[in-house]
Undergrad: 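Sharing a structure here in structure tokens format.
These numbers come from the heavy atoms of this one structure, side chains and all, not from hydrogens, waters or symmetry mates. Being a predicted model, the structure only gives us computed values, none of them experimental.
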Amino acid sequence: QVQLVESGGGSVQAGGSLKLSCTASGYTSSLYAMGWFRQAPGEEREGVAATYTGGSTTYYADSVKGRFTIDHDNAKNTVYLQMNSLKPEDTAMYYCAATSRTTWKWDVLREDHYNYWGLGAQVTVSS
């Protein structure tokens with residue numbers, strides 16, 4: 001089993017920045033990929049960014065490309081999401097996710113490929 005704990009959410013004005021962190025504990029050596037998802041009120045959860053634990057390739061939703069950066073520190077079992085140039089439409093609950101399943105790059109932003117989830121961190125961007 002793997003446990004994920006997010007931190008770093010909060011409120012910021014449009015154009016500002018926030019950094020989310022997610023620390024994994026438990027059977028972390030089993031993890032294949034980690035990612036960030038978000039869900040706004042009344043909306044479906046969507047994949048935002050993801051990366052493989054064994055490499056440096058990153059994947060982003062079109063809506064955040066050029067503004068968000070995902071990074072991971074395997075020594076600390078932590079994945080980060082740096083969010084810059086935030087917009088009101090980025091307001092959502094952000095969830096850290098991890099998977100121990102082999103996941104192809106075209107599926108890495110699909111939530112049904114992830115089997116571990118954090119409780120979420122709220123990000124609110126005001127105009």
Undergrad: What's the spacing between L109 CG and T103 OG1 if we round to 0.5 Å?
TA: 10.5 Å
Undergrad: Does T69 have any side chain to side chain donor-acceptor pair (under 3.5 Å) partners at least two apart in sequence or in another chain, and if so, which?
TA: none
Undergrad: Would you please test V79 and C96 for side-chain contact (heavy atoms from CB on, under 4.5 Å) and show each step?
TA: CA-CA 8 Å; V79 64; C96 176; 3.9 Å; yes
Undergrad: Decide yes or no on side-chain hydrogen bond (donor to acceptor under 3.5 Å, both in side chains) for N115 and S100, but give the supporting numbers first.
TA: CA-CA 7 Å; N115 50 346; S100 55; 2.8 Å; yes
Undergrad: Where is the tightest heavy-atom contact between S17 and S85, given as atom of each residue plus distance?
TA: OG-N, 4.3 Å
Undergrad: Got a second to check how far H113's NE2 is from W104's CH2, nearest 0.5 Å?
TA: 11.5 Å
Undergrad: Would you give the length of the straight line joining atom CG of D107 to atom NZ of K105, rounded to the nearest 0.5 angstrom?
TA: 11.5 Å
Undergrad: Tell me, please, whether Y95 has R45 positioned over its six-membered ring: NZ or CZ under 6.0 Å from the ring centre and within 45 degrees of its axis?
TA: yes
Undergrad: With sequence neighbours left out, write down each residue that passes side chain to side chain donor-acceptor pair (under 3.5 Å) with Q39, or none if nothing qualifies.
TA: none
Undergrad: Rounded to the nearest 0.5 Å, how far apart are CD of Q1 and OH of Y27?
TA: 12.0 Å
Undergrad: For the side chain to side chain contact (heavy atoms under 4.5 Å, CB included) test, which of T78, T28, L4, T99 pairs with M34?
TA: L4
Undergrad: Mind listing the closest non-hydrogen atom pair of V2 and L31 along with its distance?
TA: CG2-CD2, 3.9 Å
Undergrad: So do V123 and L18 actually touch side chain to side chain, heavy atoms under 4.5 Å?
TA: yes
Undergrad: Identify the heavy atoms of A92 and R38 that sit nearest to each other, and give their distance.
TA: CB-CB, 3.8 Å
Undergrad: Measuring from atom NE2 of H72 to atom CG of L81, what distance do you get when rounded to the nearest 0.5 angstrom?
TA: 13.5 Å
Undergrad: One thing to verify: whether D90 and K87 come together as a salt bridge, which I'm taking to mean a side-chain N less than 4.0 angstrom from a carboxylate O.
TA: no
Undergrad: Can you name the closest pair of heavy atoms from P88 and A14 and give their distance?
TA: CD-CB, 4.1 Å
Undergrad: Check whether any side-chain heavy atom of I70 sits under 4.5 Å from a side-chain heavy atom of Y80, and report yes or no.
TA: no
Undergrad: Does T124 reach the main-chain N or O of T91 with its side chain, forming a donor-acceptor pair under 3.5 Å?
TA: no
Undergrad: Hey, can you tell me if F68 and Y94 have their rings parallel, tilted or perpendicular (30° and 60° cut-offs)?
TA: tilted
Undergrad: Around atom CD of Q122, are there more than 12 heavy atoms of other residues, nucleotides or ligands at under 6.0 Å?
TA: yes
Undergrad: Distance from F37 atom CZ to E111 atom CD, nearest 0.5 Å?
TA: 6.5 Å
Undergrad: What's the shortest heavy-atom distance between G47 and A61, and which atoms?
TA: O-CB, 3.4 Å
Undergrad: W36 and E6: which non-hydrogen atoms are nearest, and at how many Å?
TA: CZ3-CG, 3.9 Å
